[in-house]
Student: 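Below is one structure. I have some questions about it.
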Amino acid sequence: MASIPSTPLLANELDIVIPTIRNLDFLEMWRLFFQPYHLIIVQDGDPTKTIRVPEGFDYELHNRNHVESLLGKRASCISFKDSACRCYGFLVSKKKYIYTIDDDCFVAKNPTGEDINALEQHIKNLLTPSTPHFFNTLYDPYRDGADFVRGYPFSLREGVPTAVSHGLWLNIPDYDAPTQLVKPHERNTRYVDAVMTLPKGTLFPMCGMNLAFDRELIGPAMYFGLMGHGQPIGRYDDMWAGWCVKVICDHLNLGVKTGLPYIWHSKASNPFVNLKKEYKGIFWQEEIIPFFQSVVLPKECTTVQKCYLALAEKVKEKLGSVDPYFTKLAEGMTTWIEAWDAHNPSSEATGSLANGLAKVNLGK
Ligand SMILES: O=c1ccn([C@@H]2O[C@H](COP(=O)(O)OP(=O)(O)O[C@H]3O[C@@H](CO)[C@H](O)[C@H]3O)[C@@H](O)[C@H]2O)c(=O)[nH]1
Ligand SMILES: [Mn+2]
């Protein structure tokens, strides 16, 4: 009986990025799964505050002083006093893969009561192809005990490289403030044992609290937009990144998966505070979504950076009239790419990997 290959740890190829304003005692629960990895802690808020990290973890900690000294004027594109600051950790990492998790997310248990190694599942998701061009009704065909169903074209069974693995949450669901207010006691107890590829041409609300991605394939697009201090909106950082990422993944023939793994989200943030942060986004998104649904990136955009800069231009042109914020956000997007390329000179080369995929895509 062939043994089922265990998932490679990728311990030297993956960084764990944690945005935080509090001590990281939550890591104790993750120690078994996280200890082999390097952590990039992005300390938000007051840089003079000391963040306690449990013994035995290999980590680097960046606070606002570090952000400003590394990026100089370009630090303006990194949010302050919002979890969006986490994207700074994506920028300074030198690894191929990123896993990002919030500090109020704990190890969940599967229906048989076993602890879920969320990182292992994300790695499986990222190392197996995606199927955005044709939906497999038995979900993830590359999973042990599953396959492509009858009628699935063989020409599409190779799939495409997976750029993003979007995990979910038991207990406190990632609801918006109005839903939180209406359903304050609702908890997610439903464990759905599935991983699905998001079909090409479909957007989704990407949550940043349990998220992994291939930094070499899509890193430059993982900009968590301008939120928090000095900004008219909050809690749309991960959403914005998800919409940009999905449009670019569709263009470059890359895949986005959602579903397993689950984490246990323990803390409901204050719905009234959240409502204040979200309220402009709640009506702006009725214009933002049609914008992303209508975006067509030029075929000359064969790297993530080129796609992202073209997208920033379109944001300024099409959404600038909705609110001046979007002009500022478009500038933030451009500054982000400048900062990314300044600190990741080799990324154009990896962008050419996407370029290669784009050629495959464009060849069709
Ligand atoms: O100013 C801040 C506030 C928080 N953080 C860190 O960010 C994450 C998420 O914070 P928290 O769990 O308190 O908030 P949630 O509402 O549950 O977060 C969800 O909404 C999204 C907001 O954009 C977020 O991505 C979702 O997970 C924690 O690690 C805090 O320590 C911060 O860095 N700065
Ligand atoms: Mn939370």
Side-chain angles (χ1 to χ4, degrees), residues 16-27 29-30 34 39-47 49-53 59 61-64 66-67 78-90 98-108 118 164 166-181 183-184 186-188 204-213 222-245 262-282 285 329:
I16 298 175
V17 175
I18 305 166
T20 194
I21 50 173
R22 46 182 77 100
N23 292 328
L24 295 178
D25 304 321
F26 91 114
L27 287 172
M29 193 173 191
W30 288 102
F34 286 5
L39 311 182
I40 297 179
I41 299 163
V42 182
Q43 177 183 345
D44 194 16
D46 177 1
K49 183 181 168 189
T50 302
I51 297 288
R52 200 175 52 249
V53 181
Y59 71 92
L61 185 143
H62 299 264
N63 62 32
R64 191 69 195 180
H66 297 111
V67 174
I78 303 297
S79 298
F80 184 56
K81 294 193 178 173
D82 189 281
S83 63
C85 63
R86 76 175 83 217
C87 62
Y88 176 79
F90 308 159
I98 293 285
Y99 175 53
T100 188
I101 184 171
D102 288 3
D103 60 19
D104 64 343
C105 295
F106 293 84
V107 176
V164 178
H166 178 261
L168 298 172
W169 348 270
L170 292 173
N171 194 39
I172 308 287
D174 187 18
Y175 284 165
D176 51 46
T179 309
Q180 266 185 293
L181 285 166
K183 306 171 115 178
E186 185 147 299
R187 297 292 179 267
N188 182 29
F204 77 117
M206 185 174 82
C207 171
M209 75 170 107
N210 173 22
L211 180 72
F213 60 91
M222 275 288 180
Y223 173 55
F224 279 38
L226 285 177
M227 303 281 148
H229 180 71
Q231 307 300 339
I233 186 174
R235 290 170 54 84
Y236 273 85
D237 49 317
D238 37 8
M239 301 295 145
W240 183 263
W243 297 326
C244 294
V245 158
Y262 284 89
I263 48 87
W264 180 269
H265 186 208
S266 69
K267 189 180 68 64
S269 39
N270 183 308
F272 295 100
V273 171
N274 288 346
L275 187 57
K276 268 195 274 186
K277 292 180 179 179
E278 289 173 17
Y279 88 96
K280 285 194 171 183
I282 292 174
Q285 72 186 8
L329 181 54

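We count ligands from 1, going down the list as the structure has it; atoms in each ligand are counted the same way.
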Student: Who are the ring pair (Phe, Tyr, Trp, His ring centres under 6.0 Å) partners of Y236, not counting sequence neighbours?
Tutor: none
Student: List, for ligand 1, each N/O atom that has a protein N/O partner under 3.5 Å away, with both atom names and the distance.
Tutor:
residue  : atom   : partner : partner atom : Å
ligand 1 : 1 (O)  : D44     : OD2          : 3.3
ligand 1 : 1 (O)  : K81     : O            : 3.3
ligand 1 : 1 (O)  : D82     : N            : 3.3
ligand 1 : 12 (O) : D104    : OD1          : 3.3
ligand 1 : 12 (O) : D104    : OD2          : 2.8
ligand 1 : 13 (O) : K267    : NZ           : 3.0
ligand 1 : 16 (O) : R235    : NH1          : 2.4
ligand 1 : 16 (O) : S269    : OG           : 2.5
ligand 1 : 17 (O) : H265    : NE2          : 3.2
ligand 1 : 20 (O) : R235    : NH1          : 3.1
ligand 1 : 23 (O) : S83     : OG           : 3.2
ligand 1 : 23 (O) : D237    : OD1          : 2.5
ligand 1 : 23 (O) : D237    : OD2          : 3.4
ligand 1 : 25 (O) : R86     : NH2          : 3.1
ligand 1 : 25 (O) : D238    : OD2          : 3.3
ligand 1 : 27 (O) : D102    : OD2          : 2.3
ligand 1 : 29 (O) : P19     : O            : 2.7
ligand 1 : 29 (O) : D103    : N            : 3.0
ligand 1 : 29 (O) : D103    : OD1          : 3.2
ligand 1 : 29 (O) : D103    : OD2          : 3.4
ligand 1 : 31 (O) : I21     : N            : 3.3
ligand 1 : 31 (O) : R22     : NH1          : 3.4
ligand 1 : 31 (O) : D103    : OD1          : 3.3
ligand 1 : 31 (O) : D103    : OD2          : 2.6
ligand 1 : 34 (N) : D44     : OD2          : 2.7

Student: Can you tell me if H265 has an N, O or S atom under 2.8 Å away from the Mn ion (ligand 2)?
Tutor: yes
Student: What is the ring orientation for W30 with F34, classed by angle as parallel under 30°, tilted 30 to 60°, or perpendicular over 60°?
Tutor: parallel
Student: Are the side chain of H229 and the backbone of Q231 linked by a donor-acceptor contact shorter than 3.5 Å?
Tutor: no
Student: Got a salt bridge between D102 and R86, using NZ or NE/NH1/NH2 to carboxylate O under 4.0 Å?
Tutor: yes
Student: For atom OH of Y279, is the number of surrounding heavy atoms from other residues, nucleotides or ligands below 6.0 Å larger than 12?
Tutor: no
Student: Of all N, O or S atoms in D104, identify the one at the shortest distance from the Mn ion (ligand 2).
Tutor: OD2
Student: If we ignore hydrogens and angles and just use 3.5 Å, is the side chain of T100 paired with the main-chain N or O of L211 as donor and acceptor?
Tutor: no
Student: With a 3.5 Å distance limit and no angle check, can you tell me whether D103 reaches the backbone of I18 through a side-chain donor-acceptor pair?
Tutor: no
